[in-house]
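Below: the structure, in structure tokens.
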Amino acid sequence: MTPWQRAFLIAATAAFAQPASAQTLSASFSAAYSKNPQLNVARSQLRETDEGIAIARSGNRPTLFANLRQSFETTRNLAARNGGTRAAPTTVSVALTQPLFRGFQTRNNIRAAEAAVRAQREALSNTEQNILLSTAESFFDVIANGQIVGLRRNDVSFLGEQVRAARDRFEVGEGTRTDISQAEARQASAQSLLNVAVADLATAGAIYREFTGMKAKSLRNDVRDARFIPPSLAAALDIGQNHHPAILAGLHTIDQNIFSVASTEGQLLPTLELTGEAASTFNAGNGVQQSDSASVRLDLSVPIYQGGRVSAQVRQAKEALGTARIQVDVTRDEVRRFTVASWARYQSAVRSIQAARTGVFAAQLALRGVIEEQRVGQRTTLDVLDAQSELISSQVTLVAAERDRSVAAYTLLSAIGRLSAERLGLHVALYEPKEHADAVRDKWFGLRTPDGR
């Protein structure tokens, strides 16, 4: 084997290695968890949903209104000689109303709001899983495409040497122009594939930066994903059906709709309110006069017929409840299908790696043998080109298999609902949604959000 051929084989093997100092997968996960805009949008949506609890709880609280009424009055008495009187009374009043009974609407609205918050929290967990999965995919895409670029460059270099060797043999009468043309054609094809690989690497890097906010530099996998994988498909299915956030979100949505039905039905029940009012009236028409008044009253309202509106709303709420129950069944089927498919892809990728490694080893030996046989005239230039093509194909297959195994592992974790910052043990400040909900649920007043906006 010539020195350049030996150097090529060493470089081809080194293309699979990663530098010691590199951006790790853990760091990439942490960056995505902390900075990803899509995840921040989901957190903001949850904080928006949290306010629904405070809105629902306000149904039990009193309301206080101050009113100012200015009127102008003219009275004419036809029997009187003075012709009548004029007045401009000003009335200032304060009214406080305390709901006493609203057909259990407030209680059910609070429970519905709390269920909505729980559902939104699970939706946030599902978004977190999707972001981390996309981060893992882009991470391993960058690694795989970088390795393929290295392989394609080595292939172009190798074929360039073959073109020069074919020309040298032609000049001394040991080859033909056909050998040169064949080598040049393979080199041109390899250059085209290299250009595609470079473009794929740039695309993967852009996607990686989209999810992590970091430019990809010497990525290195530092996470042993195998320790998170369930021992069997049955175990994976059991975990997914009981813990996947999409399913849990659907169950909480069912609870929300149950309470919404009860709240809507409460509009058919009587309501009772206690109202206290104090007023002062100033009349500047014929000298300044002032009169004060105060009152306390109970208002009982019994609905008899509401035009069919509430009945329609109750039926509508029940249909929404039925839809939510059906949607949970749909989600369970989707999670089951996704889990089975992810498990199959993971097992297939694990087996494919060993087969691909065997293929690379055999292709390297074959190329080495063909080159030696070419020297003694037993092989042609085309045989060497074919052997090189098979080696590159085997190496690319190995790179793809390793990438697929890693991505399949995290896809499986996402399928069963186990891909989260907490379970991965990331060194980040975990977002605690309960803190915001607790901060706003009992607020009686205040326009600023807990973070000061």
Side-chain angles (χ1 to χ4, degrees), residues 36 38-53 55-56 104-105 107-134 230 233-267 309-345 410-420 422-423 431 433-434 436-437:
N36 186 268
Q38 297 179 42
L39 198 51
N40 288 332
V41 167
R43 290 166 180 162
S44 179
Q45 290 172 338
L46 174 57
R47 292 192 294 270
E48 177 184 349
T49 305
D50 288 341
E51 296 290 351
I53 299 178
I55 293 172
F104 308 107
Q105 292 181 63
R107 182 184 66 179
N108 289 310
N109 285 339
I110 293 173
R111 292 178 177 178
E114 290 174 341
V117 168
R118 292 193 295 271
Q120 193 65 32
R121 287 177 184 175
E122 297 299 337
L124 172 60
S125 297
N126 199 46
T127 301
E128 177 187 336
Q129 287 203 141
N130 294 335
I131 295 301
L132 293 179
L133 176 58
S134 297
L233 175 59
L237 289 171
D238 181 67
I239 294 172
Q241 292 298 304
N242 290 286
H243 299 287
H244 197 285
I247 295 176
L248 298 180
L251 294 175
H252 291 311
T253 301
I254 290 177
D255 293 339
Q256 177 187 356
N257 281 275
I258 289 174
F259 294 123
S260 294
V261 170
S263 175
T264 307
E265 290 175 338
Q267 298 181 46
R309 176 181 58 84
V310 176
S311 299
Q313 290 176 336
V314 171
R315 296 194 302 271
Q316 185 182 53
K318 289 181 177 179
E319 292 296 342
L321 173 59
T323 300
R325 286 171 171 161
I326 296 172
Q327 185 59 49
V328 169
D329 294 334
V330 172
T331 304
R332 287 189 183 278
D333 290 338
E334 290 176 345
V335 169
R336 183 180 296 106
R337 171 178 57 81
F338 194 26
T339 301
V340 172
S342 301
W343 180 270
R345 283 196 294 268
Y410 290 101
T411 302
L412 177 58
L413 293 178
S414 175
I416 64 176
R418 288 289 183 89
L419 185 58
S420 65
E422 183 177 5
R423 290 190 176 275
Y431 183 76
K434 190 174 181 297
H436 181 269

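The chain is numbered in sequence order, starting from 1. Everything numeric in this text was worked out from a predicted model, so none of it was measured.
- Side-chain contact between Val41 and Gln38 is absent, with no heavy-atom pair separated by less than 4.5 Å.
- Closest heavy-atom contact between Trp343 and Leu412: CE3-CD2, 3.6 Å.
- Side-chain contact between Arg111 and Gln256 is absent, with no heavy atoms from C-beta onward closer than 4.5 Å.
- Remark: Ser263 pairs with Asn109 by the side-chain hydrogen bond (donor to acceptor under 3.5 Å, both in side chains) rule, at least two apart or across chains.
- The two residues Ile416 and Ala236 come nearest to each other via the heavy atoms CG2-O, 3.3 Å.
- Proximity of Arg325 to Ile258: side-chain heavy atoms (C-beta onward) are separated by under 4.5 Å at one or more points.
- Taking all atoms of both residues into account, the shortest heavy-atom contact from Ser342 to Thr411 is OG-CG2, 3.4 Å.
- Between Val335 and Ala415 the shortest heavy-atom distance is CG1-O, 3.5 Å.
- Distance alone, capped at 3.5 Å, is enough to place a donor-acceptor pair between the Arg332 side chain and the Gln241 backbone.
- Contacts classified as salt bridge (Lys or Arg N to Asp or Glu O under 4.0 Å) and involving residues 242-255 (residues at least two apart or in different chains) are not found.
- Taking the side chain as every heavy atom from C-beta outward, Leu124 and Leu39 approach each other to under 4.5 Å.
- For Asp329, there are no side-chain hydrogen bond (donor to acceptor under 3.5 Å, both in side chains) partners, not counting sequence neighbours.
- Remark: the backbone N or O of Thr264 is not paired with any side-chain donor or acceptor of Gln313 at under 3.5 angstrom.
- For Asn130, the side-chain hydrogen bond (donor to acceptor under 3.5 Å, both in side chains) criterion is met by no residue, not counting sequence neighbours.
- Pairs engaging residues 116-129 under the salt bridge (Lys or Arg N to Asp or Glu O under 4.0 Å) rule: none recorded [sequence neighbours left out].
- Residues forming a side-chain hydrogen bond (donor to acceptor under 3.5 Å, both in side chains) with Arg43 (at least two apart in sequence, or on another chain): Asn40.
- Other residues, nucleotides and ligands contribute at most 12 non-hydrogen atoms within 6.0 Å of the CD atom of Glu319.
- Heavy-atom minimum distance, Val117 versus Thr49: CG2-O, 3.7 Å.
- Classification of Arg336 and Asp333 as a salt-bridged pair holds, one side-chain N sitting under 4.0 Å from a carboxylate O.
- A 4.5 Å side-chain heavy-atom check between Val261 and Glu265 finds at least one atom pair inside the cut-off.
- Val310 approaches Gln267 most closely through the heavy-atom pair CG2-OE1, 3.6 Å.
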